[in-house]
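A quick write-up on the structure given underneath.
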2 protein chains.
Amino acid sequence: MNGTDCAIMLVDDHAVVREGYRSVLQKQPGLRVVAEACDGAEAYRLFKSAKPDLVIMDLSMPGIGGIEAVRRIRQWDKAAKILVFTMHQNAGFAVQAIRAGARGYVTKTSPPETLVRAVMDVLAGKIAISPDIDHELALSRLSGESSAADVLTAREFEVLRLLLAERSTDEIAETLHVSPKTVANLHSLIKDKLGVGSDIELVRLALRQGLLTQVDLGEA
Amino acid sequence: MNGTDCAIMLVDDHAVVREGYRSVLQKQPGLRVVAEACDGAEAYRLFKSAKPDLVIMDLSMPGIGGIEAVRRIRQWDKAAKILVFTMHQNAGFAVQAIRAGARGYVTKTSPPETLVRAVMDVLAGKIAISPDIDHELALSRLSGESSAADVLTAREFEVLRLLLAERSTDEIAETLHVSPKTVANLHSLIKDKLGVGSDIELVRLALRQGLLTQVDLGEA
DNA sequence: CAACCGCCGGGAAAATTTCACGATCTTGCT
DNA sequence: AGCAAGATCGTGAAATTTTCCCGGCGGTTG
């Protein structure tokens, strides 16, 4: 599927950005944009009918986000080739994306050639990571910054997610059917494990690691 | 400057997005892209030499952000026409942008025609706000959601900024040369005025209102 | 089986948040 | 000028929360 025409699907909620993709990609012979979606749900639906050779996927989108869309598409077609193209210059997001089944991760700050190169690499079966993310990943390894998901147990992670999403300790206790005391204990333990002193730092860490996206906060 | 050629400068840190702008704009006769910048500082520098008729400006950029860039450009040229084009579908950001001197605010989710229309309107001397933001603004007025900056005094706002940026109460007290006790009192008062119960909600509110941008958190 | 670990919570000490109260200073109004 | 309002800063004490230490329960592993 490399030698001749390759069908590509674009997924991004910003029309102007899709216009940009198209402008960059159509300069490459052998690439055709056959479908466009503006959120994760539409991406999944269109993928099944269009069966593109490659998906270029944004992460931050309304409703079903990019990570979840990658997961669903890969579940439907284990061989799907998905290249994540996002503004998030963040090792945490990259790890999540690759784990979800993406074949590449390129940031939007990258020059167009990097995108084209990544498209070609992924089509050729390779994994494509843009240089800035390579660097981020290297740094996070060197500094031993264990991504929250690793150091926390499943339960702790669940509590953290609720702490960031819900309002009070008592509400979380009710959701989990445990005593408020337990939630408070977990809350404290989480801050300890993550090495933060205050809730504010906790939120900042979560944002940095991509546990929370800025759009999640709007619908509070 | 409307009838014939209009010189436009693009400011966005994502190359592919600039490509998208160009692709959309060049379909309009009479518009020429004469300069491109990828951060606020470069935008200010280039504006002074290129003197474009219109600037299309993104908000979230590394270093000097879009709001500050708008402010500086308007300070240098009171007649500068700047159209903010951003992903933030957020009344708070829009208010900040217009106060800083922008002549328009359009979100990236808008269809290309909306952008083109806004460009024309701003060039014609009008103020252009995209419909979704109009709606957001209306909602925020109706719900009486007073933007943090309004209900807080200057001092309180400063403390809030430090709370979100620095680490401990004591560090903030030292920076402000007041007793830690005062900072704690202010901290409490701020949460009261903003109607939030926990620090986590405080951060979420701040994010929603654009007091803190996601990029600010990276360099923590 | 014994040892360990995640999970759940009680109790008490420690720390923090909240509240009530002045004192001082600026600002705006008459 | 005189006065009222409110912003700022601080104190101290009460109320609440956070933190720490403890034990019990169930599952897994050596």
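Chain identifiers are assigned alphabetically (A, B, ...) following the order of the sequence lines, protein sequences preceding nucleic acid strands; residue numbering begins at 1 within each chain.
Nearest nucleotide to the side chain of A/K181, out of C/dG6, D/dG12, C/dG9: C/dG9. Listed candidates were C/dC8, D/dT19, C/dT17. Nearest to the side chain of A/V178 is C/dC8.
Counting any heavy atom pair closer than 4.0 Å across all strands shown, A/S179 reaches sugar-phosphate atoms only and no base atom.
Annotation: of the two residues near DNA chain C, A/H177 and A/K193, the 5′-most nearest-nucleotide partner is A/K193.
The distance from atom CG of B/L186 to atom P of D/dG10 is 10 Å, rounded to the nearest whole Å. Nucleotide C/dT17 holds its C1' atom 13 Å from the CG atom of B/L163, rounded to whole Å. Per the geometry, CG belonging to A/N185 stands 11 Å off C1' belonging to D/dC22, to the nearest Å. Here the C1' atom of nucleotide C/dC19 and the NZ atom of B/K191 are 14 Å apart, to the nearest Å. Remark: P of D/dC9 and CD1 of B/I172 are 13 Å apart, rounded to the nearest angstrom. One interatomic measurement links the two molecules: CD of B/E156 to P of D/dA7, which rounds to 7 Å at whole-angstrom precision. One atom, CG of A/L189, and another, C1' of C/dC7, lie 11 Å apart when rounded to the nearest Å. Rounded to whole Å, the distance from NE2 on A/H187 to P on C/dC8 is 16 Å.
When the side-chain nitrogen and oxygen atoms of B/T153 are compared with OP1 and OP2 of D/dT8, one or more of them lie within a distance under 4.0 Å. A sub-4.0 Å separation between OP1 or OP2 of D/dC9 and a side-chain N or O of B/T182 is absent. OP1 or OP2 of C/dT18 has at least one side-chain nitrogen or oxygen of B/S188 nearer than 4.0 Å.
Taking the centre of each ring, B/Y105 and B/F85 stay at or above the 6.0 Å mark.
Between the side chains of A/D170 and A/S168, no donor N or O sits under 3.5 Å from an acceptor N or O.
Nearest heavy atom pair, residue B/V84 against residue B/A97, reads CG2-CB, 4.1 Å. For the pair A/E36 and A/L46, the tightest heavy-atom approach, listed with the atom from each and the gap, is O-CD1, 3.1 Å.
Atoms NE2 and OG, on A/H88 and A/S60 in that order, are 3.5 Å from each other to the nearest 0.5 Å.
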